[in-house]
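In what follows, every heavy atom counts, from backbone to side chain, and hydrogens, waters and symmetry copies are set aside.
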Amino acid sequence: MNQWQLPLGGLDQARSLHRMLMERKFDGPADEFFGSPHIAAIQHSLADMLAAAEPHKDWNLWRRAEHQPHRVEQIRDHLRQSGSWWPTMQPETRRQYVQDLLAPLIPSDELLDELVNITNS
């Protein structure tokens, strides 16, 4: 399989795309793209690119989900309000879904376990 590349016109365009994806994901109502593994992969790639381009910034610290409590709370709310599909998901599928929801943020094992085991109300 060939790897696709998206040429960006510099660091400012990469930052803008990263920010737009973050804002759209977390500032709007959940939709079919919320939790998409495809969008999550793009977000992780962008964050990796930015970290490599800006080694003086602590992107690894920024990406820790625990440092973004308002975004984690949005995920908690989403999972608590999920429909009948959430309780029927297998644990490994839940783990991947939660990781995709949080992308490009990376949860600790403890936070991931907590979110995976949320029950909806």
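Dense packing is recorded around CD of E23, with more than 12 heavy atoms of other residues, nucleotides or ligands lying under 6.0 Å away. Heavy atoms from other residues, nucleotides or ligands lying under 6.0 Å from NE2 of H38 number 12 at most.
Residues R24 and L21 fail the side-chain proximity criterion, which asks for heavy atoms closer than 4.5 Å. Using a 4.5 Å heavy-atom cutoff, the side chains of L101 and L115 are not in contact. You'll find the side chain of T93 stays beyond 4.5 Å of the side chain of Q96, heavy atoms only. Inter-residue side-chain proximity for H18 and M22 is flagged as met; some heavy-atom pair is nearer than 4.5 Å.
Between L111 atom CG and R76 atom CZ the span is 6.0 Å, to the nearest 0.5 Å. To the nearest 0.5 Å, atoms OG (S82) and CZ (R94) are separated by 7.5 Å. Taken from CG in L102 to NE2 in H44, the straight-line distance is 8.5 Å, to the nearest 0.5 Å. Atoms CD1 and CD, from I75 and Q99 in turn, are 12.0 Å apart once rounded to the nearest 0.5 Å. With rounding to the nearest 0.5 Å, the separation of CZ in R19 from CG in L50 is 13.0 Å.
Of the possible donor and acceptor atoms, none in the side chain of K25 sits under 3.5 Å from a partner among the backbone N and O of G35. With hydrogens and angles disregarded, no donor-acceptor distance shorter than 3.5 Å links the side chain of Q68 to the backbone of L105.
Contact between D100 and S36 at its shortest, heavy atoms only, is CB-O, 4.2 Å. Between W62 and P104, the shortest heavy-atom distance links the atoms CZ3-CG, 4.0 Å. Residues D58 and L61 come closest through the heavy atom pair OD1-N, 3.1 Å. Across R95 and L112, no two heavy atoms sit closer than the pair NH2-CD2, 3.2 Å.
Every residue meeting the side chain to side chain contact (heavy atoms under 4.5 Å, CB included) condition with D48, not counting sequence neighbours, appears here in chain and number order: R63. Under the side chain to side chain contact (heavy atoms under 4.5 Å, CB included) criterion, Q74 pairs with F26, R71, not counting sequence neighbours. The side chain to side chain contact (heavy atoms under 4.5 Å, CB included) test applied to S16 returns no partner, not counting sequence neighbours.
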- Message: Please evaluate residues L46 and R15 with respect to the criterion side chain to side chain contact (heavy atoms under 4.5 Å, CB included), reporting the C-alpha separation (whole Å), side-chain torsions for both, the decisive distance (0.1 Å), and the verdict.
- Response: CA-CA 8 Å; L46 272 170; R15 281 189 203 121; over 6 Å; no
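Under the 4.5 Å side-chain heavy-atom criterion for grouping Ile, Leu, Val, Met, Phe, Trp and Tyr, W85 is connected to V116 within one hydrophobic cluster. Hydrophobic clustering of Ile, Leu, Val, Met, Phe, Trp and Tyr side chains at less than 4.5 Å, counting indirect connections, keeps V98 apart from I106.
Using a 30° and 60° split on the angle between ring planes, W86 and Y97 fall in the tilted class, from 30° to 60°.
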